[in-house]
Amino acid sequence: MVAQIIDGTRIAAQIREQLSFRISGLKVSGVTPGLAVILVGNDPASESYVRGKGRAAEELGIYSRQINLPETISEDELIRQVDYLNADPKIHGILVQSPLPSHLDENKVILRIDPAKDVDGFHPMNVGKMLIGVPGLLPATPHGIQELLLRTGNDPGGKHVVVVGRSNLVGKPVAAILVQKAKGANATVTICHSRTADLAKHTMQADILIAAMGKPRFITADMVKEGAVVIDVGVTREEDPLAKKGYRLVGDVDFEAVSRKAKAITPVPGGVGPMTVAMLMVNTVSAAEEQTHRNQSKRV
Ligand code: GUN
């Protein structure tokens with residue numbers, strides 16, 4: 001079998017185009033959605049992700065503000081910056097790029113973000129809503145994975161989804177989203193991780209396999225069922241002197257071999273990555289709509 005390549009770049013463009021109508025609607029009522037991204041330090045990969053988010057926002061007519069803070073910033077000062085953005089009516093969405101330097105407690109910072117502006121969906125209030133199936137801001141990468149599946153005719157309903165990786169960023173939330181009793185979900189979900197015994201026994205059972213552990217080319221063809229749908233969330237930079245940038249991006253899946261066995265597969269780059277950015281834009285617009293609605297109700 002030769003796999004269909006799931007084109008995340010094209011699907012993300014589709015989502016942004018649909019979103020532009022909602023942005024126009026907000027602008028008619030005098031509101032420009034605003035996104036603030038806090039970047040601490042100079043990690044090149046984080047810098048590149050943050051640039052991508054800012055560019056996507058500007059292209060859509062979303063007001064974008066990037067706040068660069070030094071690696072040595074104190075937790076108190078970082079929290080002051082969050083408070084400042086919480087109080088700024090021009091900002092509807094706040095994102096603190098992770099990972100943070102080790103002297104900063106990421107959970108403490110996330111807890112400080114106004115849940116209504118938490119466009120990453122990382123605040124416990126939003127995580128709780130996701131878990132119990134109440135509408136709220138969903139984390140961008142897991143939500144993007146669900147959209148990729150649905151928009152390529154791979155509804156997870158009744159399917160066995162095997163997630164490899166248990167991070168708060170991807171593994172746990174994607175499992176929570178896909179297991180919901182809801183349209184576009186209803187999957188049977190298994191979560192595997194570094195302590196799982198006989199990992200291949202589990203991955204071989206997957207109708208939909210989601211690789212999110214950050215280990216380049218870890219999922220090999222012998223771990224995948226013939227005809228499975230494979231979603232590769234891994235992005236590792238590997239040195240490559242022949243590449244223009246001096247590195248290339250490698251996923252968690254051995255793409256060459258697995259694409260000969262899978263029914264459909266996401267490439268790296270161009271699969272899940274662009275969806276993360278698109279869903280962040282969706283959350284920013286949803287947050288702006290919700291805050292606008294709330295303010296209008298207050299005035300009545
Ligand atoms: N680092 C890698 N992915 C993400 C993300 O989706 N949000 C934030 N805040 N940091 C990240």
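For ligands, and for the atoms within them, numbers begin at 1 and follow the listed sequence. All values reported here derive from a predicted model rather than from experimental measurement.
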So if I only count non-hydrogen atoms and take anything under 4.0 Å from ligand 1, which residues does that give, chain by chain? K53, L95, V96, Q97, S98, D120, F122, L169

Rounded to the nearest 0.5 Å, the CD1 atom of I5 sits from the CD1 atom of I265 at a distance of 6.5 Å

Do we see a donor-acceptor contact under 3.5 Å between the side chains of T190 and H160? yes

Would L104 and E106 satisfy side chain to side chain contact (heavy atoms under 4.5 Å, CB included), going step by step from the backbone distance to the final call? CA-CA 6 Å; L104 301 170; E106 204 155 304; over 6 Å; no

From CG (L148) to CG (N154), nearest 0.5 Å: 9.5 Å

Would you be so kind as to tabulate the donor-acceptor pairs closer than 3.5 Å made by side chains of residues 168-186, with sequence neighbours excluded?
from : atom 1 : to   : atom 2 : distance (Å)
N168 : OD1    : K172 : NZ     : 2.8
Q180 : NE2    : M130 : O      : 3.0
Q180 : NE2    : L131 : O      : 3.0
Q180 : NE2    : A176 : O      : 3.4
N186 : ND2    : A182 : O      : 3.1

L137 and K117, any side-chain heavy atoms less than 4.5 Å apart: no

